[in-house]
Amino acid sequence: MTAESPPQAAESRLTVANGRAHTPRTVTALCEQYAEVCESAVDPLEIASALELEGLGDQAAKLRYGYADVFALAQDMYFRVPRKPVEPELPPDPWQEGGRLRPVLHSLLYALPGVCFPAAIGLLTGPGAPITLIVALAVAWSAGQGLAFLGYTRLGRTLDIAQTRRVLRLGLVIGLGLIVIAMLAMSRVVQPIHPTTSVLLFGLGEGAYMFGAGVLLVLGAEVWLLVALAPGVLGSAVFLILGRPPDLEHLTWGLLAATPVIALIIAVVRTRPTGPREGSLFVREEWLGAVPAVAFGLVSAGLLIFPVAAGPHGHGGINVGALLAGLPLSLSMGAAESSLLWYRRRTQKLMRTISDIGSFGIRARLILLAAVAMYVAAAAALMALTVVVANAIGLAHWQTGYLPQMAAYLMLGTAMFLALTLQALGSRIFPLVVGAMALGFEILCRNLGVSAQIVACAELLIVTGGYATIVLGRAVRHAW
Amino acid sequence: MDVALIGEGTYPHQFGGVSVWCDQLVRGMPDYDFSLVALVATGNEPVRWSIPDNVTSVTTMPLWGPPPSGPTSRWPGRRKLRSVPCPALGELIEILLAPPGEHLIRFGEVLREVFEFAQTENLSAALSSEAAVELLAEAWQDWNLDATEAAPTLHDAVMYMQLLEHSLRPLSHPPVRADVAHAVTNGLGALPAFAAKWRYGTPMIVTEHGIYMREQYLHSRGGPFRWPVRALHLRLLRRLCSLGYHEAEMITPGNVYNKRWEEQLGADMSRVRTVYNGVDPADFPASEGEPDVPTISWAGRVDPIKDLETLLLAFALVHQKMPEAKLRMFGAPPPGQEAYLERCKALAAELGLSEAATFEGRVPLIRDAYDAGQIVVLCSITEGFPYTLIEAMTTGRPCVATDVGGISEAVADTGMIVPPRNPEALAQSCLTLLQDGSLRRRLGAAARMRALEYFTVDRAISAFDEIYTFVGTGLELPTAELDDESDDLLVTALPERDDETELLEAAG
C-alpha cells in the first residue's frame, strides 16, 4: 500500500482561535487549573489525555507554553504537581439499601404468616394434613430458594431489572407448576393418606404465596408484600381475637385465600416485560447454580420441620417442645439477616483500613464471633418470648423437658446463621452437605427422639462453625 | 485466507462507528473468511448485526459474569476447578509495579508464561486465590509509591486481583486459528491476537479508531477505584498496548492524529499505515439545494462527549445575529445518557431557544439529517475519524467541526475547524458560512470531492486487501509510511486553498 493520503490544511489555519476560551497563560496557572487531574494522575499521559479533552493540543502547547507538544507539557506538569489523589466516593452500602429497618421489616414478613396457621386449623384436618403441608412447605421453601437465587444472580450479574423480571416470571411459573404437581401427587398417588381438598388447596396457597413473596423480595417490593399479607393476617388475627366464632370461619378462610392470590397478582404485574428482550433466560451457570440453593432449601426445611413431624419420640404425635422452639427459629431469620449485614459492613470496613492479610484473618474471625453472639442472643430472646406468650394465652404449658429441644433448635439456628453467612460469601456446597448429613442422621436415628436432634445439631454447628472460622478469615471471601 | 477479526465491546454485539467499520470490511471482502472474536461484558449480549456469509465463526469471550471453565482435566469431561498457583504471577506483579515503559520485552515473556499456564490450569481460580492477593499485598508493602497519601489497603489488593482476573480471561480461551489476527482495538482486545501468535505464529495487525489507552485514562477518572488500583490497572493496559504495537506486524490507525499517541506508547513508526474510514458514495449522493431558512444540522449520539452544550451556547450567539436561523439536532442518547438529553433541552429552554433549536430524535435515513441543514456541525470534545463528518462531506455539505482526533485531517480546507469547548469560535464560523452562500457552495463541493477521492469504503477495503495479503504471506509491504517530518500528507494542495485561507482568516 502506498501512502497516498489526503492533503491537509496548513497548521496556521487549523484553528480560528487558539486553544479553549479561558486557557491560562502560564504553566503554573495551568497546573493550578488542572490540580485535581495532576494530583490524581497515574502517569504524565493521563494529564495529556485530560489536556486534549479540553481542547489543549500540540499547537497550544507549542505556541502558548513553548513545549514541543502536549506530551512534553503534561510530563512537566506531572513533575511539578505532587501526587495527592482524590479518594473516590465510597460506593453506596448495598447492605443498607432500604434502610436499617429493612431487616426488621423482613422479620415482620417472616413472622406474620405464622398468624394464619391457627386460624386455618379448621381447614387442616384429616390424617393426610400434616404430611401434605410438610410436602407443600418443602417444595415451596426449596423452589423459593432457587427462585430467589436466580433473581439475585441475574440482577447482580447484569444490573438489568428487565432481565431479572423475566427470569423471576419464568421461575414463578416453574414454582407454581411444581407445587401443583406436588399437590396432585399427594391427592392421586399417596392414596392411603387421602388429604382433603381443603388441605390440598391450603398447600397450594402456601406455595403460591411463598413464590409470590420470593419475587417481591428480590424486587425490593416489601411494602407490596405487606399489602398481600394484609387480608390473611388481619382476618386471622380478628378471627382468633374474637375466639374463632364459627359464623366468621368461612369469611376468614376467604381472606386467607386472598393473600396468595393478591401476592401472585402483584408478582405477575411487577414482572411484566418492559423494554426489548435482552439476554437469554437460560444461562447454564445460573440454572446449575440454583440447584444447591434448591437443595439447601429442602435440607433446611427438613431440619426445621422433621422433629415437629416426627413427634417427641420419633413415632408421630404433637411435639410441643419442637413447636415452641421451631416457630421462633423461623421468626429469627430477620435477626439472622440483621447480624449478617452487620458482619459484612464491619469486615468491609476492616478491609478498607488494613493492609496486612494476617491481621485481617484474626480480626475478621473475631467479628464473626460477635455476629454469632448477636444472633444467638436474638434467637434465645425470641424463644423465651414465644414460651411466655404461648403460656399466657394457653396454647402450650411450659415444661423443663422442652429445654433440650430448645437447645437443639438454638444450635440449629446458629448453624443456619453460619450457613447463611457462608452462602452469602460464596461457599454453598459445604453447608448443604453438612446439613444433609445432619438431616439424614436425624431421620435414621429418629427413635432416639430429641437426643438424635441434639447430636445432629451439635455436629452441624461444630462442623459448620469450624469451616466458617477457616474460610471466612480469608480476604478473597470478602471481595466486593 | 482466514482472518480473525478481534474486537472489544463492538461488532457484532453493539452498534457504533467501529462496528460499522467492521461490517463494511467483512462484507467488502467476500473472498476472505472471517472468524469474529468478540470480547464482551457478560456473554449474555445478543448479536445485533446480521452475520455475513463469509463469517465462519463468532467466538465470544466474556470479561465479566462467571469465570471461564478451566481446561479439561485428564478425567474425561471434567474441568479443572482447583486453584494451582500461577508461577509467573509474582514477576507479573513486580513488572506492573515498575514504572511504565520499563521491562516491555520481559512483560511479553511473562504474559506468555501466564498464557501457557491458562491453557493447562485454571487461571481464574489462581488469580482469585488468597495466595494471589497475599502476593500483591506483600509486593505493595515495598512499593515506592508516587502517591504516599493513597497507601494501598487489603481491599485494594482484592479489587486489583479481581480486575486482573477479569482482564486476563481471554488468555484462558483456546487460541483462534487464522492466517492473520486483526485486532480492531488494542489493550485487552489484543490478548486473543497474542494467544494466536504465541500458539500458531499467526501474524497480527492492530487497528485503532480512537486511541485505546487515551480512552482508558479518561474512562478511569472519577471511577470507583482508589489510586493504587487505578495505577496498577492502567499500567497493565499501557503495557498491553505497548506490547500490542510491539508484536503487531502492522499498525493501522484510523487517522494520522492517532500516530502521536502510538509513538508515545512505543510504536515503531515504520510499521504504521494510516487507513481512513470510508463511506459508500451511493448511500450519500450530493444534496440537491438547501433549506430556505438558514439551518445548522447536527447528527450523532446525544452523549456528553459530543458537547451539545457548547453547540447550544454557540447557536445562541448565532441566533442573536440571525434570528431566523434554526438548529436541528438528530440523534438519541445511548442507554444511561437520557439525563444528558434532558440537560441539553433545559439549556436550550434557558437560552430561549426552545423553538429555534430542536431535538428531533433518530432519523431512518441519516442522509436526511445532512440535507436538513445548510451546514453540518460536529462539536465533539473527543473523536477518532467520525463517520458523521465524512458522510456529511460526501453529500456536499460544508462542515464546521472541532479540532479533535482526526477531524482536521478529514475536513482540511473544505470546512472550518474550531477549538473544542469554544462557543464564540464555533458561532463565528457558523455565521460566516450561513451568511455567505457562495462560500458554502464552494466548500461543500470541495468537501464532496475530497470525500469521494479519499474517504470511500472501496479505498479502505482495497487497503486492507493489500495489508492482509502481505501480512498473511509474511511479505514486507512495498512502501512504509513516512514519519511526521516527511509525511506526504501535506504534499498536495487543493486548488482553492489561497482563497479559503483568506476567508478563514477573515472568519478568525
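In what follows, every chain begins at residue 1, and chains take the letters A, B, ... in the order their sequences are listed.
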Hey, is the main chain of A41(A) close enough, under 3.5 Å, to the side chain of R221(B) for a donor-acceptor pair?
-> no
Give, as side chain, backbone, both or neither, the part of V86(A) having an atom under 4.5 angstrom from any heavy atom of chain B.
-> neither
Mind ranking A50(A), G358(A), P88(A) by heavy-atom pairs under 4.5 Å with chain B and telling me who comes out on top?
-> P88(A)
Region of P224(B) that comes under 4.5 Å of a non-hydrogen atom in chain A = backbone
Which of D43(A), L45(A), I354(A) touches chain B most, by non-hydrogen pairs under 4.5 Å | L45(A)
From CA spacing to verdict: side-chain contact (heavy atoms from CB on, under 4.5 Å), E54(A), Y34(A) | CA-CA 11 Å; E54(A) 295 295 322; Y34(A) 285 84; 3.1 Å; yes
Given a strict heavy-atom distance threshold of 4.5 Å, which part of Q163(A) is in contact with chain B: side chain, backbone, both, or neither?
-> side chain
Mind ranking S380(B), A231(B), A132(B) by heavy-atom pairs under 4.5 Å with chain A and telling me who comes out on top?
-> A231(B)
Counting heavy-atom pairs under 4.5 angstrom with chain A, the leader among R214(B), M213(B), E138(B) is R214(B)
Let me know if R154(A) has heavy atoms under 4.5 Å from chain B in its side chain, its backbone, both or neither.
-> side chain
Where on Q216(B) is there a heavy atom nearer than 4.5 Å to chain A: the side chain, the backbone, both, or neither?
-> neither
Could R83(A) and Y78(A) be counted as a cation-pi pair, given that NZ or CZ must be under 6.0 Å from the ring centre and within 45° of the axis?
-> yes
Test log, rule side-chain contact (heavy atoms from CB on, under 4.5 Å), inputs D307(B) and T310(B) = CA-CA 6 Å; D307(B) 198 13; T310(B) 294; 2.6 Å; yes
E46(A) side chain to V42(A) backbone, donor-acceptor under 3.5 Å | yes
E39(A) and W227(B) side chains, donor-acceptor separation under 3.5 Å | no
